[in-house]
Amino acid sequence: MGTSNNYPSFPIDPITIQLIRGSLRAARLECELIIERTAMSAFIREKKDYTVSFLDSAGHEIIGDTMGSDIMGCVWEFYPTHTMQPGDLYWYNDPYLSKGSITHTPDMVFIAPVFHDNEIVGYCHSFAHFWDLGGSRPGSIGPSNTEIFHDGTLVPPIKIIDNGNLNSEAYRIILRNSRYPDLLEGDSNALMAAAGRAQERLKEMFDQFGHQTLLKAIDQEKQATANMIRKQTLDAIPEGEYTVRDYLDHGGLGEQWHSFHLSLKREGDHIVLDSTQSDNQTVGSINFLASPGTLSAYFGQHFHQYDPSLLSNHGLSAGIDEVKLRTGSILQPEWPAALGCRAHTFTKLKGAVRAVLAQATSGEVMAGTAVYVIAYWRMRDTDDKWILCTDGIAVGHGARPSSDGLDAIYQRHNENYPGEFMEMEYPLRMERYAIMPDSGGPGKFRGGCGVIREVRLLADTGTFGLRVENSTFPTWGVAGGMGGGTSSVMINPGTQSESKIQAFSDDNIWKKGDLVRICTAGGGGWGDPLDRDTDKVLDDVKDGFISLNGAMESYGVIINPSSMLIDQSCTKIERAKLKNTRGPTKLFHRFNYFDSADEEFQFIEAAFPR
């Protein structure tokens, strides 16, 4: 049941293209709002960890956020296209069967085939992070998990709705494996409804614009994005080889750090991305099952900023010709390695893509961004049942060549829980939520600041898990900018029972009245901090982003604490002294300035032996 290709011989006119773009964007937004307004769990409806994408008949993205993943491949292995019919809906979350299209088990996918003129013309895909799917602990994923089975129930591709009829037998099995089946049922219904509505909207577009016209426009749009990405890639990257290495605090078990390696090589117009020199997979849960399409799309995502009028689609992958991954590495782990906390790795991998491009462009990229934080607040209620609050917490993003980094951002369109919401829904009290001063990397443009979040337990007993990275290895600065501040976690600060908590850990015990303080990391800076406008430094001090000491030590700006005015003569002297003692800047900075991955690697191995 393939799609015919009797396209118009002429290009689709610009006005029609714009109407189609607008229709796709509006349909996607509508379907995502269905999820937000009807889902049950806070991680979806409050934090907004969801997305909707539209795919063509080949499974390639028309618009969405699949980032080069082969969403349909594993479905077709079990359900060939000739077996599909209107009213079918497919469901899965298995990272290994999907070859990394789904990256950990809490991420559930629902897929509806779209029929028009008796043939499959596309697929609509809804996705969200679910509250709990069983596994070793409430919330399923955790730092201490050592195999995929600890991460919760694995759902292979199944037909959850067959010609409009719910597969209630399979549905009951899946619901039975969650500690919170009512939330799972509500969230899955929201995702199914969104996929169904997306299917309706895409069919309407085929009716409105015409079958062959819309198919031609979809291909034309993918090609337009691909052409732009390819041109930007070739324009930005001279022939040569560029390498980076980034570091992860530890794998969830033990104290040993891990790293991955990325090289980009251009010969003629052929561009190869190679990660085969990365460390082996870890015993813990930070492994990331990367796919060639995903890594290519990470590069495309960077270049998409140069023409955001184009759709984010399959064309994002056009910049890279070949991707090399090594089976058994931290970026291509073997079954049944745990994957739950893979965000540590893929967030830094996205940064490594920019670091490679920094070498090719003399630093004209955004600096390193901190890994977003999740805390699993677990409490016992009066019936001795577990209450779970999965709390996504903001970090600082990297500075850019023309502006400061974003402060207090979780990730993309995701949001943080307001204190009022947490206190209304859970036996918790948020006692402080503030900017973490001096956490943004110093630079001509400052890195975004992380936050301070203090939460007190009001229930009798509980435990908490922490998915906090950047406690050992801060974000990197670029083009003379400096690395960001690190993260930390403490329980009962300022009391006799004060103690430091390992930032990436689980099964930490707390009791009624205990307070946990999480300080999150900041993004890296861009450009020499001694070139930052002194008035901007003063504004940051007044606004609480930089301390008085930070202004002096990092920026060489002397501010009178009483009058809050800059001492210009002392500032000039201090900046000259700092420049003299510091020496020249280099392309990157983390603990020190460095130009190459090998230069930093030698320092890391000496300073943090493993």
Side-chain angles (χ1 to χ4, degrees), residues 42-43 46-47 131 137-139 141-144 249-250 252 341 370-396 407-410 414-440 449-472 484-522 544-545 547:
F43 215 69
E46 294 291 336
K47 201 178 72 64
W131 198 248
R137 296 165 181 81
I141 60 177
S144 301
D249 295 343
H250 64 89
C341 297
V371 177
Y372 58 93
V373 169
I374 296 180
Y376 296 92
W377 309 120
R378 307 183 185 107
M379 303 136 276
R380 293 280 194 182
D381 65 12
T382 53
D383 296 326
D384 205 34
K385 294 180 180 178
W386 282 109
I387 302 171
L388 171 67
C389 175
T390 304
D391 187 11
I393 304 175
V395 296
D407 305 297
I409 295 292
Y410 181 76
N414 300 154
E415 298 178 0
N416 302 283
Y417 296 155
E420 297 84 352
F421 167 78
M422 285 184 63
E423 294 171 1
M424 181 173 62
E425 296 284 331
Y426 308 102
L428 298 168
R429 185 166 65 226
M430 190 190 301
E431 300 197 356
R432 190 181 182 195
Y433 190 31
I435 289 292
M436 181 64 188
D438 297 326
S439 56
C449 286
V451 301
I452 304 169
R453 197 166 175 97
E454 294 183 350
V455 177
R456 191 179 300 276
L457 178 63
L458 303 181
D460 288 336
T461 60
T463 67
F464 59 93
L466 299 165
R467 211 215 63 198
V468 182
E469 175 64 19
N470 300 114
S471 63
T472 300
T486 54
S487 57
S488 63
V489 183
M490 186 171 291
I491 190 167
N492 296 323
T495 70
Q496 291 185 346
S497 58
E498 172 184 298
S499 63
K500 185 177 179 181
I501 301 292
Q502 184 164 286
F504 186 37
S505 61
D506 213 332
D507 301 323
N508 301 290
I509 297 172
W510 60 340
K511 61 185 184 301
K512 188 172 185 176
D514 283 345
L515 181 140
V516 176
R517 175 190 291 167
I518 298 178
C519 299
T520 67
F545 294 101
S547 67

Inset, instruction - May I ask you to test the Glu425-Glu46 pair for a side-chain heavy-atom distance under 4.5 Å? - result: no
Legend entry - Shortest non-hydrogen separation from Tyr426 to Ala42 and the atoms involved: OH-CB, 3.8 Å
Inset, instruction - Take Leu428 and Tyr417 through the test side chain to side chain contact (heavy atoms under 4.5 Å, CB included) and record every step on the way to the result. - result: CA-CA 12 Å; Leu428 298 168; Tyr417 296 155; over 6 Å; no
Legend entry - Check: Asp381 side chain, Asp383 main-chain N or O, donor-acceptor pair, under 3.5 Å: yes
Legend entry - Minimum heavy-atom distance Gly462-Leu457, with the two atoms named: N-CD2, 4.2 Å
Inset, instruction - Could you pull out the closest heavy-atom pair between Trp386 and Pro138, with the gap in Å? - result: CG-CG, 3.8 Å
Legend entry - Atom pair CG/CD1 of Asn508 and Ile491 - distance to nearest 0.5 Å: 7.5 Å
Legend entry - Polar side-chain atom of Glu498 near backbone of Met490 as donor-acceptor pair, under 3.5 Å: no
Inset, instruction - List the atom of Pro143, the atom of Cys341, and the distance in Å for their closest heavy-atom pair. - result: N-SG, 3.9 Å
Legend entry - Pair Met422-Val455, side chain to side chain contact (heavy atoms under 4.5 Å, CB included): steps then yes or no: CA-CA 10 Å; Met422 285 184 63; Val455 177; 4.3 Å; yes
Legend entry - Spacing of CZ belonging to Arg137 relative to CG belonging to Asp506, to within rounding of 0.5 Å: 4.5 Å
Legend entry - Distance, nearest 0.5 Å, that separates CD of Glu423 from CD of Glu431: 8.5 Å
Inset, instruction - For the pair Ser439 (side chain) and Gly485 (backbone), establish whether a donor and an acceptor sit closer than 3.5 Å, ignoring hydrogens and angles. - result: no
Legend entry - Gln502 side, atom CD; Asp249 side, atom CG - distance, nearest 0.5 Å: 9.0 Å
Legend entry - Considering all heavy atoms, the nearest Pro437-Ile452 contact: CD-CD1, 4.3 Å
Legend entry - Stepwise side chain to side chain contact (heavy atoms under 4.5 Å, CB included) check, Asp391 with Arg453: CA-CA 11 Å; Asp391 187 11; Arg453 197 166 175 97; 3.1 Å; yes
Inset, instruction - Check whether any side-chain N or O of Thr520 sits under 3.5 Å from a backbone N or O of Val451 as a donor-acceptor pair, and report yes or no. - result: yes
Legend entry - Side-chain (Arg378) to main-chain (Leu388) donor-acceptor, under 3.5 angstrom: no
Inset, instruction - Enter the distance from Ser488:OG to Ile501:CD1 here, rounded to the nearest 0.5 Å. - result: 11.5 Å
Inset, instruction - I would like to know whether Ser497 and Asn492 meet side chain to side chain donor-acceptor pair (under 3.5 Å); could you show each step before the answer? - result: CA-CA 6 Å; Ser497 58; Asn492 296 323; 3.2 Å; yes
Inset, instruction - Mind listing the closest non-hydrogen atom pair of Phe504 and Val468 along with its distance? - result: CB-O, 3.5 Å
Legend entry - Asn470 side chain vs Val371 backbone, donor-acceptor pair below 3.5 Å: yes
Inset, instruction - Look at the side chain of Thr486 and the backbone N and O of Thr472, then say whether any donor-acceptor pair between them is shorter than 3.5 Å. - result: no
Inset, instruction - Taking the side chain as every heavy atom from C-beta outward, state whether Tyr376 and Ile141 have any atom pair closer than 4.5 Å. - result: yes
Inset, instruction - For residues Asn416 and Tyr372, determine if any side-chain heavy atom of one lies less than 4.5 Å from a side-chain heavy atom of the other. - result: no
Inset, instruction - Salt-bridge test for Arg517 and Glu454: reply yes if a basic N is under 4.0 Å from a carboxylate O, no otherwise. - result: yes
Inset, instruction - For Met379 and Cys389, run side chain to side chain contact (heavy atoms under 4.5 Å, CB included): C-alpha distance rounded to whole Å, both residues' side-chain angles, the deciding distance at 0.1 Å, then the answer. - result: CA-CA 9 Å; Met379 303 136 276; Cys389 175; 4.2 Å; yes
Legend entry - Approximate separation, where rounding is to 0.5 Å, of Asp507 CG and Leu466 CG: 11.0 Å
Inset, instruction - Answer yes or no: is there a side-chain heavy-atom contact under 4.5 Å between Trp377 and Val516? - result: yes
